[in-house]
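FYI, side chains are in, hydrogens and waters are out, and symmetry mates aren't considered; it's all heavy atoms of this structure. Keep in mind it's a predicted model, so treat the numbers as computed, not measured.
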Amino acid sequence: MPAPLIAVEGVTKSYGTVRAVDDVSLNIEGGEFFALLGPSGCGKTTLMRMIAGFETPDAGRILLDGRDLAGDPPNRRPINMMFQSYALFPHMSVEKNIAFPLRRQGMGSADVAQRVADMLRLVQLQGLGARRPDQLSGGQKARVALARALAGRPRLLLLDEPLSALDRKLREETRFELAQVQRELGVAFLVVTHDQDEAMAMAQRVAVMRAGRIEQLGAPRAVYERPASRWLAAFLGDANLIDGVVEGSMPQGAGPVAVRAGETLLSASVDADAAPLQAGQAVSVAIRAERIGLSVDPPTQDNIFCGEVRDIAYLGGSSVYRIACDGDVTVRAARLESADAAPLRRGDRVFISWPSAAARVLAR
Amino acid sequence: MSGRRLTWPQRLALAAPYLWLAVFFAAPFAIIVRLSFSQSVLAQPPYAPQFDFGAGLADVLERVREFTVDNYALFFSDALYVQSYVSSLRIALLSTALALAIAYPMALAMSRAPARLKPALILLAIAPFWTSFLIRVYAWIAILKDEGFLNAALKGLGVIDAPLQIFATEAAVVIGIAYSYLPFMVLPIFNALDRQDRSLVEAALDLGASRASAFWTVTFPLSLPGVFAGALLVFIPAVGEFVIPDLLGGSDTLTIGRTLWNEFFANRDWPVAAAAAILLLAVLVAPLIFFERAQMRAEGRR
């Protein structure tokens, strides 16, 4: 089996007594779009800066094509970075910015001009080459930063919160363009972000980091639908977390599990590879808000409860309802708003329900 | 209707800077210009014409004819004056270059120091100002003279056999000026470097630049406004400097400051001294305009 493009092996980095990155291992394959996702301070930026060469790991190795990068300064690594602030050189035109890495490689003028033109076309900024960075909009700056980071044909592009400086609408557009550029060039991208939409929408694989460690690594869908911990379920998306205890003795392996939360008895599923549950064990049941069905008429599902609408957050295409169930459980349920569904009002009595498969038991 | 009426306090606030300029710049300047076209006389005050507005307009007009450009002509006819200008400019340029060479690395180190140390470093950079300027220049005499600290140290280290003749030369003046005005060079450069986004250098390194190449392609060009400001803050006072050349220079060290002093106080020729001052101003306006344009360019791209 060939060596992965980047292999991070047991990398640790401390600042003072704080372990910013704690024994992290992961592989990035050539041409892959990989995301490091986590809240601020989780160590994702430190890990990226170690891959770029700006920081040195205290322990562990970072390999490129199986070769240890230790001792290689940033300018000798075939890895480029798109900075969060874009870090465009304010005293150089767009063209000179993009030509910067090419000049450092000692490329001839004609080739430089050709490559710069190619890059400008790639990011759809033809005709803006003579501008200075301060004459560009935020979205244009992001494109120049991308073009400059890709101009030298790196093996891996690091993107540090690439879209955080853009407003919402532009962010969504640019997200698609980034993914398209990545597919077109086939360069491996490692994006570091705290924005889960960004990570989920673009990446083929996501590593969610927490307190210096990787909490879970996998395809976005797998991480979202089968979070490995209570923290992950809460971090990703809008999940209801209902604390309870396992009711009765449990068979080994997958299957529905009964969980008692106060007066309420819930049925939830558990992964086949999860640790076996004991009767009376404290657990949480995680249910995504969008998996909770909401109806005025009694539904036909596993978990059916009656409740009263307490709060409504209208979001345009959908609404989020806070529903106080009979018993002492309050859940959030998301519902797509369609013209033919009668709108619910505060105080309405409703039925809520979810399939057992949508509710996951997580150790507490 | 356009605009709103200004209240009196607002008008006063707007007028204040103009009043300041009028009282402390325009009026003295007008007096010096008038002096520079006057004639030197043995009287009190020692120049003519004097106007007596009580004697009628005809008398005033008659006296206006006494104005002359001879004072200016004198400068270009006497090689000594031209030499003193050339020598002043040379000394100022060398001092500015020396101050820049010392100040830039200082400012760079200050800007890269941990944030908690920076206020202390800035304080240290301006600490010499807390001692009298004269005393510090006198101290340089003790350092530079033939049997001074520098020569003693060099001799002790076996670098030289005979003492270096530095004191009472132009070199001593250059050293003295560079030393005295160093903080004026350090602070603007520090300011320019400190404001730079550190990720710019990281970006340069990341894109394949060596540390040296990142400095010359990114850090240095972006600090140029600070370099220009510092250079002017040193160069302009250095051209007209009187005290340092007088104390550290030799009798053959010509400077425009000394010429001015001699004309005013030794020769009591106020009109010639005034003309010298006006010419000095004209010489200084050139770098000022240059600086303005450099600033405008820097502003234009921000």
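- Interface residues of residues 64-88 of chain A toward chain B, defined by a heavy-atom distance below 4.5 Å and sorted by number: A:Pro74, A:Asn75, A:Ile79, A:Asn80, A:Met81, A:Phe83, A:Ser85, A:Ala87, A:Leu88.
- In summary, the side chains of A:Thr193 and A:Asp195 do not present any donor paired with an acceptor at a separation below 3.5 Å, with no hydrogens or angles considered.
- Using a 4.5 Å heavy-atom cutoff, the side chains of B:Thr169 and B:Thr253 are not in contact.
- Contacts of B:Ser213 with chain A are made by side-chain atoms alone, with heavy-atom separations under 4.5 Å and no backbone atom involved.
- There is no side-chain donor-acceptor pair under 3.5 Å between A:Glu177 and A:Thr174.
- Residues of residues 142-150 of chain A lying under 4.5 angstrom from chain B, judged on non-hydrogen atoms, are A:Arg148, A:Ala149 by number.
- Both the backbone and the side chain of B:Ala204 come within contact range of chain A, with heavy atoms under 4.5 Å apart.
- For B:Phe24 and B:Phe29, the distance between ring centers is not under 6.0 angstrom.
- Only the side chain of B:Asp197 has a heavy atom closer than 4.5 Å to any heavy atom of chain A.
- Side chains of B:Ser223 and B:Tyr104 form a contact here, defined as non-hydrogen atoms less than 4.5 Å apart.
- One finds a salt bridge joining A:Asp118 and A:Arg121 here, because a Lys/Arg side-chain nitrogen approaches an Asp/Glu carboxylate oxygen to under 4.0 Å.
- Here B:Val159 pairs with B:Leu154, B:Leu157 under the side chain to side chain contact (heavy atoms under 4.5 Å, CB included) rule; sequence neighbours left out.
- With a 4.5 Å cut-off on side-chain heavy atoms, A:Ser14 and A:Asp58 count as touching.
- One finds no salt bridge joining A:Glu29 and A:Arg205 here, because no Lys/Arg side-chain nitrogen approaches an Asp/Glu carboxylate oxygen to under 4.0 Å.
- In this structure, A:Phe89 has its ring center closer than 6.0 angstrom to the ring center of A:Phe100.
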Please tabulate, for the side chains in residues 112-126 of chain B, all donor-acceptor contacts under 3.5 angstrom to protein atoms that are two or more places apart in sequence or on a different chain.
unit_1, atom_1, unit_2, atom_2, d
B:Lys118, NZ, B:Ser111, O, 3.3
B:Lys118, NZ, B:Asp194, OD1, 2.7

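- With a 4.5 Å cut-off on non-hydrogen atoms, A:Arg131 does not touch chain B at all.
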